[in-house]
Amino acid sequence: MRMIHEGGERVDEITLATVAKATSCLVALEPGKQIHAHVIKTGYSLDLCVISGILDMYIKCGDMGSAHTVFSDIPAPDDVAWTTLISGCLENGDEGRSVSIYRQMRQSGVQPDEYTFATLVKAASCLTALEQGKQIHADAIKLELSLDPYVATSLVDMYAKCGNIEDAYRLFRRMDVRSIVLWNAMLVGLAQHGNAEEALDLFRVMKSNNVVPDRVTFIGVISACSHFGLVSEAYEHFSSMQRDYGVEPEIEHYSCLVDALGRAGRVQEAEKLIASMPFEASASMYRALLGVCRVQGDTETGKRVAEQLLAIEPSDSSAYVLISNMNAAANQWDAVNDARQMMKRKNVKKEPGFSWIDVKNKVHLFMVDDKSHPEADLIYDKLEDLMKRIGEEGYVPDTEFVLADVEEEEKERALYYHSERLAIAYGLISTPSSAIIRVIKNLRVCGDCHNAIKYISKVYQREIVVRDANRFHRFRNGSCSCGDYW
DNA sequence: CTAGGGTTAG
């Protein structure tokens with residue numbers, strides 16, 4: 001900065017590019033703007049290295065408005081400039097825009113490189129857009145960039161996150177040089193799918209290949225144990241992590257362990273562990289425990305945990321929702337109303353549940369009771385037919401999962417139109433009968449839908465993969481890969 | 001001389 005102001009020394013494009021990068025690392029918008037002004041004044045804004053440094057600076061500072069302006073002023077953006085913008089949209093949570101900017105990039109004739117694909121595949125992974133991800137993969141293969149270590153890791157993660165663990169594995173096996181990040185992506189993918197044994201096997205293979213596990217590896221390993229109910233193994237890995245690998249436990253590791261205890265129903269032990277941590281408790285830990293209390297119907301402990309959660313996050317809608325769910329399950333409708341009143345008073349909004357499905361390269365999103373889809377009539381007919389058929393097969397609606405105090409029959413209908421069922425009904429009518437139906441839901445799948453989907457997989461002989469906020473459920477012939485443990 | 005953009009967890 002002194003160089004700029006004093007003006008005596010030679011400030012060339014290399015210096016400016018370097019300074020712009022330094023500024024973007026510091027995430028300092030004001031000095032960044034000064035450098036930008038100086039770049040314009042001295043005419044260096046036509047230099048691609050300098051201007052993409054400036055672009056990155058705005059992105060890192062979260063000023064996407066300025067970033068788009070800077071980009072649109074670049075006369076002929078090269079691969080680096082395009083990739084910077086694509087990764088900027090991703091970093092700022094606008095993954096859809098990353099993909100559409102990629103399309104513009106292709107139209108402009110600039111060839112993407114391995115950096116572009118690593119970023120872009122991650123965007124598809126965040127969007128859980130399998131079809132788009134596959135298409136991007138195909139592009140990468142055409143340009144012979146799909147086996148780049150970063151691209152391949154992104155692809156493994158993308159396939160795993162989109163519920164296609166087989167393709168993730170296939171790609172993983174093809175890689176003859178495997179970085180720790182690649183191992184971790186595969187391991188975490190397996191853990192999220194509830195394939196705990198495979199995840200733990202992979203962990204052993206990894207160690208026998210002399211790959212040293214790191215902090216992320218242990219997050220995967222402990223969460224694999226957690227998903228499989230292996231509490232003592234979780235504890236063992238937790239202590240081995242420090243003892244054998246010098247990885248200090250972080251709040252994320254505690255969080256996995258708390259989760260493992262909770263899922264095993266050992267809520268009080270989990271509370272003790274939280275109290276003994278060298279960290280402040282996180283809201284997500286209490287949220288996990290609250291979910292356990294609800295599944296177990298332990299209203300007393302649930303209330304205590306909910307209070308602890310609200311002490312950290314007073315406007316956490318999930319606390320209120322879980323409290324009111326528990327009370328609804330116990331038929332304590334006064335308490336349900338109290339929780340609702342309190343939400344109103346504190347102006348806490350319930351996070352709306354929605355599910356989506358990727359059909360023919362297009363994402364179809366459904367809310368509860370949603371009739372906005374162009375094929376809504378067909379979908380609701382299918383749903384009607386479907387509910388009749390699974391009823392004949394023995395499905396009984398469990399109205400415990402309805403949040404309102406309404407009559408029984410009405411309660412049943414409220415369950416019919418949960419967003420995941422709409423998405424599955426659409427999947428049934430819009431995909432070939434042999435295709436796997438893959439649905440993603442932003443919240444945790446409800447117990448009744450979980451049960452209904454088991455029946456649907458049996459009656460229609462369809463494999464259905466549902467990714468909820470927590471993990472994957474793979475429904476086949478009437479049962480789920482989670483073993484009803486989630 | 002050759003700057004500026006990339007992967008796993010939460």
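Per chain, numbering begins at 1; letters A, B, ... match sequence-line order.
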Side-chain donor/acceptor of D56(A) to backbone N/O of S52(A), under 3.5 Å: no
Donor-acceptor pair under 3.5 Å: do we get one between T119(A)'s side chain and the base of dG6(B)? no
What nucleotide, of dG10(B), dG5(B), dA3(B), holds the atom closest to the side chain of D47(A)? dA3(B)
Go through dT7(B), dG4(B), dA9(B) for me and flag the one nearest to the I219(A) side chain. dA9(B)
In whole Å, I'd like the distance from the CG atom of L145(A) to the P atom of dT7(B). 16 Å
Does V188(A) reach a base, just sugar-phosphate, or nothing at all? Heavy atoms under 4.0 Å. sugar-phosphate
Counting only side-chain N and O atoms of K21(A), is one of them less than 4.0 Å from OP1 or OP2 of dG5(B)? yes
With a 3.5 Å cut-off and just heavy-atom distances, do the side chain of D113(A) and the base of dG5(B) make a donor-acceptor pair? yes
Please tell me which of the listed nucleotides, dA9(B), dT7(B), dA3(B), lies nearest to the side chain of Q192(A)? dA9(B)
Output field: ring centroids H450(A)/F475(A) closer than 6.0 Å: yes
Decide if the gap between the ring center of W82(A) and the ring center of F71(A) is smaller than 6.0 angstrom. yes
Take atom CD of E13(A) and atom P of dA3(B), then tell me their distance rounded to the nearest Å. 12 Å
Check if the side chain of D78(A) and the base of dG4(B) share a donor-acceptor pair of N or O atoms closer than 3.5 Å. yes
Taking only the side-chain heavy atoms of C49(A) (C-beta and beyond), determine which of dA9(B), dG6(B), dG4(B) contains the nearest atom. dG4(B)
Determine whether a donor-acceptor pair (one donor, one acceptor, N or O, separation below 3.5 Å) exists between the side chain of T153(A) and the base of dT7(B). yes
Value in whole Å for how far the P atom of dG10(B) lies from CG of D259(A): 10 Å
Describe the nucleic acid contact of T83(A) in one word from base, sugar-phosphate, nothing, applying a heavy-atom distance below 4.0 Å. base
OH of Y150(A) versus P of dG6(B): gap in Å, rounded? 10 Å
May I have the distance from I35(A) (atom CD1) to dG4(B) (atom P), rounded to whole angstrom? 13 Å
What's T116(A) touching, base or sugar-phosphate or nothing? Going by heavy atoms closer than 4.0 Å. base
Side-chain N or O of K122(A) closer than 4.0 Å to phosphate OP1/OP2 of dT7(B): yes
May I ask you to check whether Y58(A) and H68(A) place their ring centers less than 6.0 Å from one another? no
Hey, does L48(A) reach any base, or is it just sugar-phosphate, or nothing, if we go heavy atoms under 4.0 Å? base
Separation of atom CD1 in I101(A) from atom C1' in dG5(B), rounded to whole Å: 13 Å
Nearest of dG6(B), dG4(B), dA9(B) to any side-chain atom of D157(A)? dA9(B)
Quick one: does NZ or CZ of R170(A) land under 6.0 Å from the six-membered ring centre of F172(A), within 45 degrees of the ring axis? no
Length of the line joining F238(A):CZ and dA9(B):C1', which is rounded to integer Å: 15 Å
State plainly whether the residues E248(A) and R215(A) are in salt-bridge range, i.e. N to O under 4.0 Å. no
Take the protein atom OH of Y102(A) and the nucleotide atom C1' of dG5(B), then report the distance between them rounded to whole Å. 16 Å
K161(A) vs dA9(B): side-chain N/O to OP1/OP2 distance below 4.0 Å: yes
What's the closest nucleotide to the side chain of V80(A) if the choices are dG4(B), dG10(B), dA3(B)? dG4(B)
What's D214(A) touching, base or sugar-phosphate or nothing? Going by heavy atoms closer than 4.0 Å. nothing
Using ring-ring contact (aromatic ring centres under 6.0 Å, His included) as the criterion, point out the one residue from Y254(A), Y245(A), F238(A) that pairs with F218(A). Y245(A)
Please pick, from dG4(B), dA9(B), dG5(B), the nucleotide with the shortest atom-to-atom distance to any side-chain atom of T84(A). dG5(B)
Please classify the nucleic acid contact of V151(A) as base, sugar-phosphate, or nothing, using heavy-atom distances under 4.0 Å. base
